**Student:** 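One structure follows; several queries about it will come next.
By convention in this document, chain letters (A, B, ...) are assigned in the order of the sequence lines, proteins followed by strands, and residues within each chain are numbered from 1. Computed from a predicted structure; not experimentally measured.
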Protein chains: 2
Amino acid sequence: MGRTSDAREKLLAAALNLIWSSSYGAVGVDQICEVAGVKKGSFYYFFASKSELAVAAYEAYWQAKLPDMEALFSPDIPPLQRLESFCRFGYEAQRQKFEEFGFVVGCPYANAGSELATLDPRIRVKTQEIMERVMGFIESAIHDAVQAGDIPPLNPKSAARQVYSVILGDLLRAKVENNPEVLADLGTTVSHLIGAPNTCATA
Amino acid sequence: MGRTSDAREKLLAAALNLIWSSSYGAVGVDQICEVAGVKKGSFYYFFASKSELAVAAYEAYWQAKLPDMEALFSPDIPPLQRLESFCRFGYEAQRQKFEEFGFVVGCPYANAGSELATLDPRIRVKTQEIMERVMGFIESAIHDAVQAGDIPPLNPKSAARQVYSVILGDLLRAKVENNPEVLADLGTTVSHLIGAPNTCATA
DNA sequence: GTGATTGTTGACCATTCTGTCAACTAACGC
DNA sequence: GCGTTAGTTGACAGAATGGTCAACAATCAC
């Protein structure tokens, strides 16, 4: 077998956190290595390039957060409550990051997509993949809500896209205003959007 | 008086276009100068830093597009039609850029905000300013629509924020999927969101 | 122990980055 | 013409960039 190491995992974690609170372009390989406590030579032993590290880091982060997502969107929870909880979860997460850094950092995948979609095909495709997974969860909740008669019948896929767009947009506005409170009633907005009870188009 | 020059304007235009289709971090001062046909010495005669140039470039671009915005949101046009036209305008713009570059480039302000909100306070505030102006236009249309009885009564400011979020989110999704068609029925989504006739929460 | 495998190290390279500066030049008022 | 103001130029600096490599060290199977 040979020598073992957790350098790879440390690099993935360091890269995700640094890039998330800053940007891909502004974070250097040296900086990632320093935070990870790994020498640059080792970096290029595990990853062929900074870009490849980023792709792996996003995938690893998704895998790490997957249990949370599955808990939030568990079929045991009423569908509309799943969406509400997901929104609240995002809100809380941004508030926490805001406390930590003094900045609303937004969504790591959205940040990457926005910065790199035209520059790095692999990163673009990876963020696309992950966003589709998120929309899949949203879609399942909407589907179940329709099935349960909680909301009027609508196309779950198309509705999920709209819901996700509102979430992404609100996250971006919160980041640009550097104010997590922008996200405070995201859940209500989402409920309106899909026509949840006595909230149809009344802001 | 002394010598005159259009170097400043050329730099503003070159910077905006380069950064828009790429990213702030990935575009160098040398590159901007080359496209503008201006030597670097002149760059730093007009601008103290790359960051300052970016701020000026976004403001200049907004000012240049302001007539379009005023035409789109003219009080002479029925309020709901203003929103519809604005969405269509954005869709067409992205399609055009897609033809030109092979990429959905998204919104220049949103790109800047997403990449730089945590890194460059001045750029963050400038994008915030401009986004507020956009929301002002949207708000006026919604206000007039309510006044005209076209849509149910709602808070125009809060509704405008939601509408803008959907637009930003859709633009980001289009960029990440590199598919301008994501924006094809943005107008319909927006109409739904504000409760326009016979479209309440039916996707 | 031996050998193969896996991972570590730090010096090194070429390039690119933002930003600087002193010398130069064009246009204007007078 | 003369002085002043406004703008241009190209060479330069210092740091940071992503990436390379050959020598070294730890671990395992046998």
**Student:** Specify the separation, in whole Å, of atom CD of A/Gln31 and atom P of D/dA15.
**Tutor:** 18 Å

**Student:** Under 4.0 Å between a Lys/Arg side-chain N and an Asp/Glu carboxylate O for A/Glu59 and A/Arg133?
**Tutor:** yes

**Student:** Counting only side-chain heavy atoms from C-beta out, which of D/dG18, C/dG7, C/dT25 sits nearest to A/Val29?
**Tutor:** D/dG18

**Student:** So, does the side chain of B/Lys50 form a donor-acceptor pair with the base of C/dG19 at under 3.5 Å?
**Tutor:** no

**Student:** Could you check which of C/dG19, D/dG7, D/dG18 has an atom nearest any side-chain atom of B/Ser49?
**Tutor:** C/dG19

**Student:** What nucleotide among C/dG7, C/dC17, D/dT9 has an atom nearest to a side-chain atom of B/Lys39?
**Tutor:** D/dT9

**Student:** If you take the centroid of each ring, where Trp contributes its six-membered ring, are B/Phe86 and B/Phe73 closer together than 6.0 Å?
**Tutor:** yes

**Student:** Decide yes or no, distance alone: a donor-acceptor N/O pair under 3.5 angstrom between the base of C/dT18 and the side-chain of B/Lys40.
**Tutor:** yes

**Student:** For a quick check of understanding: with a heavy-atom distance under 4.0 Å over all strands, which category does B/Gly41 fall into, base, sugar-phosphate or nothing?
**Tutor:** base

**Student:** So does B/Tyr44 get a side-chain nitrogen or oxygen closer than 4.0 Å to the phosphate oxygens (OP1/OP2) of C/dG19?
**Tutor:** yes

**Student:** Just how far, in rounded Å, is P of C/dA27 from CG of B/Asp6?
**Tutor:** 13 Å

**Student:** Counting the atoms with a prime plus P, OP1 and OP2 as sugar-phosphate, which does A/Phe43 contact under 4.0 Å by heavy atoms, base, sugar-phosphate, or nothing?
**Tutor:** nothing

**Student:** With heavy atoms under 4.0 Å as the rule, sort B/Ala48 into base, sugar-phosphate or nothing.
**Tutor:** nothing

**Student:** For C/dT8 and A/Ser42 - does any side-chain N or O of the residue sit under 4.0 Å from the phosphate oxygens OP1/OP2?
**Tutor:** yes

**Student:** Whole angstrom is fine here: how far is it from CD1 in A/Ile32 over to P in D/dG19?
**Tutor:** 11 Å

**Student:** Do A/Phe101 and B/Thr118 have side-chain heavy atoms sitting under 4.5 Å apart?
**Tutor:** no

**Student:** Check whether any side-chain heavy atom of A/Val104 sits under 4.5 Å from a side-chain heavy atom of A/Arg95, and report yes or no.
**Tutor:** no

**Student:** Would you mind telling me which residue lines up with the more 5' stretch of DNA chain C, B/Ser51 or B/Arg3, judged by nearest nucleotide?
**Tutor:** B/Ser51

**Student:** Ignoring backbone atoms, establish whether B/Ser5 has a side-chain N or O less than 4.0 Å from OP1 or OP2 of D/dT8.
**Tutor:** yes

**Student:** A cation-pi test, strictly: NZ or CZ of A/Lys50 under 6.0 Å from the centre of the six-membered ring of A/Tyr24 and no more than 45 degrees from its axis. Yes or no?
**Tutor:** yes

